[in-house]
Amino acid sequence: MLLQHVVNAISLGGIYALLALGLAIVFSIVGLINFAHGELMTVAGYAMLGALMFGIPFPAAVLMAIATAALAAMVMERVAFRPMRGASVTSLLLTSFAVSALLKVMFQNGLSARPQPLAMPQWMTGSYQIGDVAIGVGPTISIVISVVALIGLELFLRRTVTGTAMRAAAEDFAVVRLMGIAAGRVIATAFALSGVLAGIAALLWVAQRASVDPLMGSVPVIKAFIATVVGGLGSLPGAVAGGLLLGAIEIGLDAVLPPSVVPYRDAFVLSGVILILLFRPQGVIPAATVRRG
């Protein structure tokens, strides 16, 4: 039973970590918490649903969904956030809330306000035995994909010229611009990466719920924001640590709380977050340089 809870905790924490990383990448460079990040998950979910409805094979549909989320993130940056570059933190936050609300209305009125079933392949819905414990294939795949995605992102940031420029921009964006590196390219790449991570998270989220709806990204992005704050705003390792910690806390509370108290789980989670921030106000792994404006 303990092994099952550990697998579920790492699986859920991995999804939160992917989303928190997307938020942290953009924040570390632009100083923006993009609350429209959850709608990138929704875009990816509907893109995968549409691709499967047209008979596209599942692996190709997944790649299309991730690419669609990345493209949507770049369009979001170009249309909504680039004109606001240099604006105050309040203006950027209001813009992200406006984009989020607009996309929700478009999904609800243009597609459907009801959840749409999305059948996952049979091999993703089964389970396997380890001793007397049945472990779901879905959570295991979620862990593997999360680990591979995190390793791939780390390699990109450390082994490529663009990734190095992004890490430098996270430390001191003004100096990077003085060195002649195109600011627009760095920011667009940051948004594209956040879209890729949101697309991967959407696949894992949909795999657990087998449906897509206009609000599917709303709760995960709030949880990802909490994970980002707990880990340390602008800290990429902190975002991963915060996501895994939040997933572990949620699954742990599900296991120990009486059934009558489980509906209040999120209240306990937020109380724990407050306690952590009382002792570590800069987060578990603070960023070297935190940009707030």
Side-chain angles (χ1 to χ4, degrees), residues 15-47 66 68-111 166 169-170 173 183-202 205 213-236 238-239 242-243 246 270 273 283 287 290-293:
I15 296 175
Y16 291 158
L18 291 173
L19 286 171
L21 260 179
L23 289 175
I25 287 173
V26 172
F27 180 84
S28 66
I29 295 174
V30 187
L32 162 72
I33 292 293
N34 182 16
F35 284 101
H37 190 64
E39 278 55 62
L40 296 177
M41 276 186 71
T42 311
V43 167
Y46 278 113
I66 295 172
T68 302
L71 179 61
M74 294 176 70
V75 171
M76 188 184 295
E77 185 273 331
R78 182 66 182 87
V79 174
F81 296 118
R82 187 172 297 185
M84 300 295 294
R85 196 175 295 173
S88 66
V89 173
T90 303
S91 298
L92 290 172
L93 276 176
L94 289 174
T95 302
S96 73
F97 280 123
V99 172
S100 174
L102 176 63
L103 290 175
K104 284 188 180 77
V105 171
M106 290 175 61
F107 292 141
Q108 290 174 323
N109 295 335
L111 296 172
M166 289 178 63
F173 195 50
R185 187 184 69 182
V186 173
I187 294 173
T189 304
F191 271 87
L193 277 177
S194 75
V196 169
L197 293 170
I200 296 172
W205 192 260
D213 67 85
L215 304 179
M216 63 174 277
S218 299
V219 172
V221 77
I222 296 298
K223 300 293 181 67
F225 172 64
I226 293 172
T228 305
V229 173
V230 170
L233 274 175
S235 169
L236 303 191
L246 188 61
L270 291 175
V273 169
V290 179
R291 294 171 51 85
R292 298 187 185 275

Working for side-chain contact (heavy atoms from CB on, under 4.5 Å), residues Val26 and His37: CA-CA 10 Å; Val26 172; His37 190 64; over 6 Å; no

Asn34 and Phe191: CA distance, side-chain angles, deciding distance, side-chain contact (heavy atoms from CB on, under 4.5 Å) verdict: CA-CA 10 Å; Asn34 182 16; Phe191 271 87; 4.0 Å; yes

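Between Leu40 and Ser194, the closest heavy-atom pair is CD1-OG, 4.4 Å. Scanning both residues, Ala72 and Val43, for their nearest heavy atoms gives CB-CG1, 4.1 Å. Residues Leu19 and Ala198 come closest through the heavy atom pair CD2-CA, 4.1 Å. Residue Ala202 comes nearest to Met41 through the heavy atom pair CB-O, 3.4 Å, listed as atom of the first residue, atom of the second, then distance.
Heavy atoms of other residues, nucleotides or ligands lying less than 6.0 angstrom from CZ of Arg82 number more than 12.
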Extract all donor-acceptor atom pairs below 3.5 Å that involve side chains of residues 89-100 and protein atoms in other chains or at least two apart in sequence.
| unit_1 | atom_1 | unit_2 | atom_2 | d |
| --- | --- | --- | --- | --- |
| Ser91 | OG | Ser88 | OG | 3.0 |
| Thr95 | OG1 | Ser91 | O | 2.8 |
| Ser96 | OG | Leu93 | O | 2.8 |
| Ser100 | OG | Glu39 | OE1 | 2.7 |
| Ser100 | OG | Lys104 | NZ | 2.7 |

Could you tabulate the donor-acceptor pairs under 3.5 Å formed by side-chain atoms of residues 214-230, not counting sequence neighbours?
| unit_1 | atom_1 | unit_2 | atom_2 | d |
| --- | --- | --- | --- | --- |
| Ser218 | OG | Leu215 | O | 3.4 |
| Lys223 | NZ | Glu250 | OE2 | 2.8 |
| Thr228 | OG1 | Ala224 | O | 2.8 |

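Pairs passing the salt bridge (charged side-chain N to carboxylate O under 4.0 Å, His left out) check and including a residue from residues 20-34, sequence neighbours excluded, do not occur.
With rounding to the nearest 0.5 angstrom, the CG atom of Leu103 is 11.0 Å from the CD atom of Gln108. With rounding to the nearest 0.5 angstrom, the CG atom of Leu21 is 15.5 Å from the OH atom of Tyr16. A distance of 9.5 Å separates CD1 of Ile66 from CG of Leu197, quoted to the nearest 0.5 Å.
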